[in-house]
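Notes to accompany the following structure.
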Amino acid sequence: MPADAPKPTPRKELSAPQKALHKLGLVRSIDLALHLPLRYEDETRIVRLADAREGQTVQVEGMVTHSEITLRPRRQLLVTLDDGSDTCTLRFFSFYPSHQKALAVGARVRVRGEIRGGFMGRTIMHPAFHAAGGELPNALTPVYPTSAQLPQVYLRKVVASGLARADLSETLPPELLGSLQAVVRAPWTLRDALRYLHQPGPDVSLDALEDRSHPAWQRLKAEELLAQQLSQLTAKRERDALRAPALRTAPGGLHEQLLGVLPFALTAAQRRVGEDIARDLARPVPMHRLLQGDVGSGKTVVAALAAAIAIDSGWQCALMAPTEILAEQHFAKLIGWLEPLLTPLGKRVAWLTGSQKKKQRTEMLALIASGEAALVVGTHAVIQDQVVFKNLALAIIDEQHRFGVAQRLALRSKMSPAAEGELSPERRGAGFARPPALPLEGRSGDAQRASDGGAPHAEPHMLMMTATPIPRTLAMSYYADLDVSTIDELPPGRTPIVTKVVSDQRRHEVIERIRAQVAQGRQVYWVCPLIEESEALDLSNATATHAELSEALNRGSVAPAPLPLLAEEVEAPAEPPGAAGVLVGLLHSRMPVAEKKAVMALFSAGHMGVLVSTTVIEVGVDVPNASLMVIEHAERFGLSQLHQLRGRVGRGAAASACVLLYTPPDGGRLGETARERLKAMAETNDGFEIARRDLDIRGPGEFLGARQSGAAMLRFADLATDGHLLDWARQAAVHMLAQHPQAAEKHIARWLGTKAEYLKA
Ligand code: ADP
Ligand code: MG
């Protein structure tokens, strides 16, 4: 029955509410105990109607003196309640015959709801009600986060019983309780904190409870952050126990040759991060490094240098990008540099993409399996099951924030057992037993420890790249097991991008500006709005803008030649832009890949003056001659997305600009958040500053996106306000793992246990 907390019983059929509990991750007693109220309702008192204020949520008790169903303006049930001090109307738009019966004239009822004014006198809309009388509770009533299948009343009972049964014994050793005291005055025990938060007495301050500043909340947040730090630290130690091939480049080898053929000198920042990476690769432990650098900071060449080291040591390297067009655009240069150096070695570059023909794909798979392909480049196709590497040693993920945790893990598991055997001579024939790939990082680590009886298993080195930098508190919290290298300078000779925020009413002026740019031989991007509800609308909008610009820019000139449809046709020499009208291209996600490639090829080659696109160009595209970026309905984009888009211009020496076109809602003003975002964009070009403001505006949950944060998402702590607790938790975790490993394990299991279970499923 409901009062019993359900246990994980995979064989028995679960009831509907039990299933709903499981869906919320509420499986063990402790999970229920840690499921905390969103807010509270005060049912401890009955208020006299004469004393109730408008806007107040109150509980009143009285007699029904009138009840009727009216049909105008809508069918509704109107009930008059009289408590002797005053009367008020109860109003229901949806109701059953049972409502009418319970609220018949003469019935005495207890009613809860918000008092509102109005021309019919004081009203409570859709109040909760039951028969009058009955004992009043002596604590506030908690309101829990729940789902449609899980009634609040049921959940309350289950949580109360979970709280009564859960093991809430202290996991913190005395010295950590002491250090916590320095951060939180008079810290509570977990047991007291939970009791208090689930069943606060009638006289507590609701404000302190609801803004989570109360010491009981502080204790919970501290505990939660500690669990997260412990699990991250454990994951890091586990990774340090793994093996990876030690990769070194020989003097005069590929690395040096590549540096020799680059058309530019590396920036100091590129050299520095390159050294970080080379140092990691030389160790027999898998690298797990995030390379962050603003858009255009030159991450690709750093990736190419890392690949050169792996290939020079006789191993394979895989490069993965989120979309085909990016893979191609982004890696074209890299391949252009590396391929001529590989050919004399009898090595090749293999491509893997979703749109490939079967025959070509089969060929590529064979190249990869034989090891002839030293470098494998592609999209998600790289992590599919059929792809078997001969000896993968380095996996590079570009724009890593666009990939899920599972995809990154899949790439990690691509090292073949045969290759593992070759890590070092003494390991040969040691009989590597490969544990199954782990479903998610941030788990408690039990699974892995269980398999530690044998030799440690091997993984490739991982280099993840991103242009969306992670603010410091987030890096400390979510990526404690990740090493971070940062490219903090742009290649020389770039002129800063000037950003203007412009109302759509001045669209014609923007089009004039485009005309001027194109006349100077420059190129322009025009990005169309993201309409989340409908891909079709997205498209029609882009198509309409494409038509509008083609018409406006070609008025009075010879129409441009029709678009060639295949990439091969692009080679035909085109007129310089401007002479015979302006070629305006269209790019959107539903176009066939061949067509997308043809359009991109025309734009890259400089034959196309203007490219209208949906957000497919968001990341990675590199056309230095493009000097103007127009973003339509900029108010609909997120801050980091706007920054990514803007980074498509300003890649050459020419002065570049970004125009953020906004359309206020009919007659109104832009919303606060949208205004803040556009202002931030106009004020700074610095990706780190943008990331910091983005975090302020959105909060860490949205900033990271659920799929990135994986199991590590915080429920209670808020990194914007709880930095002091995070600092404590970081130090406490190191100490606890070293001095009290069992308590640490218990603490992790308490906080993350079910999640780990769930994630394994
Ligand atoms: P991102 O970090 O956004 O991936 P890219 O790797 O695409 O940036 O580099 C942006 C542009 O800068 C490319 O055209 C690249 O060839 C060029 N570039 C990279 N490093 C340098 C450098 N040290 N000096 C001059 N240009 C560079
Ligand atoms: Mg890039």
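Read the numbers this way: they start at 1 and go in the same order the structure lists the ligands and their atoms. When reading the values below, keep in mind they use all heavy atoms of this one structure, side chains included, and skip hydrogens, waters and symmetry mates.
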Taking 4.0 angstrom as the limit and counting only heavy atoms of [X], give me the atoms of ligand 1 inside it, by number and element.
X	value
Thr300	4 (O), 5 (P), 6 (O), 7 (O)
Val295	3 (O)
Ser297	2 (O), 8 (O)
Thr267	23 (N)
Leu266	23 (N)

Does Ala265 come within less than 4.0 angstrom of ligand 1, counting non-hydrogen atoms of the residue? yes
Backbone, side chain, both or neither: what part of Met465 comes under 4.0 angstrom of ligand 1, heavy atoms only? neither
So the side-chain hydrogen bond (donor to acceptor under 3.5 Å, both in side chains) pairs with at least one residue in residues 251-270 (sequence neighbours excluded) are Thr267-Gln270
Apply salt bridge (Lys or Arg N to Asp or Glu O under 4.0 Å) to the pair Arg693 and Glu689, showing each step before the final yes or no. CA-CA 6 Å; Arg693 297 207 194 178; Glu689 176 61 16; 3.1 Å; yes
Considering Gly296, Ala304, Ala467, Ala269, which one's heavy-atom position lies nearest to atom 3 (O) of ligand 1? Gly296
Look at the aromatic rings of Phe603 and Tyr525 and report parallel, tilted or perpendicular, splitting at 30° and 60°. tilted
Does the distance from a Lys or Arg side-chain N to an Asp or Glu carboxylate O, for Asp488 and Arg272, drop under 4.0 Å? yes
Test: Lys679 and Glu683 ion pair at under 4.0 Å: yes
So, taking the atom named NE2 in His461 and the one named CD1 in Ile396, what distance separates them when rounded to the nearest 0.5 Å? 11.5 Å
For Glu632 and Trp526, which I'm curious about, is there any donor-acceptor pair between the side chains at under 3.5 Å? yes
Hey, is ligand 1 close enough to Gly298 that some N/O pair sits below 3.5 Å? yes
